[in-house]
*Asks:* 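Before I ask anything, here is the structure I am working with.
Indexing begins at 1, ligand by ligand and atom by atom, following the structure's order. All values below come from the heavy atoms of this structure, side chains included, with hydrogens, waters and symmetry mates left out.
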Amino acid sequence: MGTFTLGKSRGQVLDMIPEWTINKIHVGEQVIALVRIDVNFHAFQTECPHRGTSLIHGSLTDDCEIICPLHYYRFDLKTVAGKVGSCGDLKIYDTELTDEGLKIFILSV
Ligand code: FES
């Protein structure tokens, strides 16, 4: 799909994206979820791989896992693997915080 840049500078991105919240971000015509923990960003698909519920309304654990609000399956944002529950892995997109903003690499949605 492509590379998208969020914001215009490192500082603007850090100001714009609060820590430990699940943010809904538009990248081109797609919508993805974005979580910031310190200066690390985790971008991932908004739909739960189990039954498609929006993970925007999920919750985060201290171990950087997102918990789906419907059946409480857990997904590790660091390793992409589903941790609790059986379904496919969560699609994760690489990110890179640069002086020009946050680069988000969308290979496929
Ligand atoms: S829809 Fe997310 S765990 Fe079932």
Side-chain angles (χ1 to χ4, degrees):
M1 299 290 292
T3 302
F4 297 86
T5 304
L6 183 69
K8 303 254 186 253
S9 70
R10 178 182 303 263
Q12 184 189 38
V13 172
L14 293 174
D15 287 346
M16 187 168 43
I17 305 295
E19 288 190 75
W20 293 101
T21 61
I22 304 164
N23 300 277
K24 186 176 175 182
I25 303 288
H26 292 264
V27 288
E29 296 179 1
Q30 306 294 332
V31 175
I32 64 168
L34 183 68
V35 168
R36 173 165 83 95
I37 299 172
D38 194 16
V39 294
N40 299 309
F41 288 83
H42 302 276
F44 53 96
Q45 69 183 78
T46 55
E47 305 83 17
C48 177
H50 181 224
R51 293 281 186 261
T53 294
S54 175
L55 294 172
I56 297 294
H57 304 295
S59 52
L60 291 167
T61 71
D62 290 344
D63 292 336
C64 203
E65 295 170 4
I66 185 159
I67 304 173
C68 179
L70 190 56
H71 305 113
Y72 308 108
Y73 285 17
R74 292 172 176 239
F75 303 92
D76 188 334
L77 295 180
K78 298 183 303 288
T79 65
V80 315
K83 289 199 69 177
V84 173
S86 75
C87 65
D89 289 343
L90 188 65
K91 210 176 277 180
I92 301 278
Y93 308 110
D94 288 338
T95 63
E96 181 183 356
L97 185 59
T98 72
D99 290 339
E100 290 79 42
L102 180 70
K103 307 272 188 211
I104 303 171
F105 304 95
I106 307 290
L107 296 179
S108 63
V109 177

*Asks:* Answer yes or no for C48: is there an N/O/S atom below the 2.8 Å cut-off from atom 4 (Fe) of ligand 1?
*Replies:*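 Looking at C48, which is the residue asked about, there is no N, O or S atom under 2.8 Å from atom 4 (Fe) of ligand 1.
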
*Asks:* For H50, what is the atom name of its N, O or S atom nearest to atom 4 (Fe) of ligand 1?
*Replies:*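 Within H50, restricted to N, O or S, atom 4 (Fe) of ligand 1 is closest to atom ND1.
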
*Asks:* When you check the side-chain N and O atoms of K103 and T5, is any donor under 3.5 Å from an acceptor?
*Replies:*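 Result is yes, a qualifying pair exists.
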
*Asks:* So, does Q45 use its side chain to make a donor-acceptor pair with the main chain of K91 at under 3.5 Å?
*Replies:*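 Yes.
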
*Asks:* May I ask you to check whether C68 brings an N, O or S atom to under 2.8 Å from atom 4 (Fe) of ligand 1?
*Replies:*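 Here the distance criterion (N, O or S atom, under 2.8 Å) is not met by C68, so no.
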
*Asks:* I'd like to check which ligand 1 atoms, numbered from 1 as shown, lie under 4.0 Å from a non-hydrogen atom of T53.
*Replies:*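 Checking each atom against T53, I get 1 (S).
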
*Asks:* For Y73, counting its heavy atoms only, list the atoms of ligand 1 lying under 4.0 Å from any of them.
*Replies:*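 Contacts of ligand 1 toward Y73, numbered from 1: 3 (S).
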
*Asks:* Can you tell me the protein heavy atom closest to atom 4 (Fe) of ligand 1 and the distance?
*Replies:*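 Nearest protein contact, heavy atoms only, for atom 4 (Fe) of ligand 1 is H71 ND1, 2.0 Å.
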
*Asks:* Mind checking whether T61 and R74 have side chains closer than 4.5 Å, heavy atoms only?
*Replies:*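 Side-chain contact under 4.5 Å: yes.
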
*Asks:* Are any of the side-chain heavy atoms of Y73 and P49 separated by less than 4.5 Å?
*Replies:*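 SC-SC contact between Y73 and P49 ruled out.
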
*Asks:* What atoms of ligand 1 come closer than 4.0 angstrom to any heavy atom of R51?
*Replies:*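 Counting from 1, the qualifying ligand atoms are 1 (S).
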
*Asks:* For the residue pair T21 / N23, report whether a side-chain donor-acceptor contact shorter than 3.5 Å exists.
*Replies:*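 Yes - a donor-acceptor pair under 3.5 Å links their side chains.
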
*Asks:* Could you check whether any side-chain heavy atom of L77 comes within less than 4.5 Å of a side-chain heavy atom of L90, counting everything from C-beta outward?
*Replies:*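 The answer is yes, as the side chains (C-beta and beyond) meet within the 4.5 Å cut-off.
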
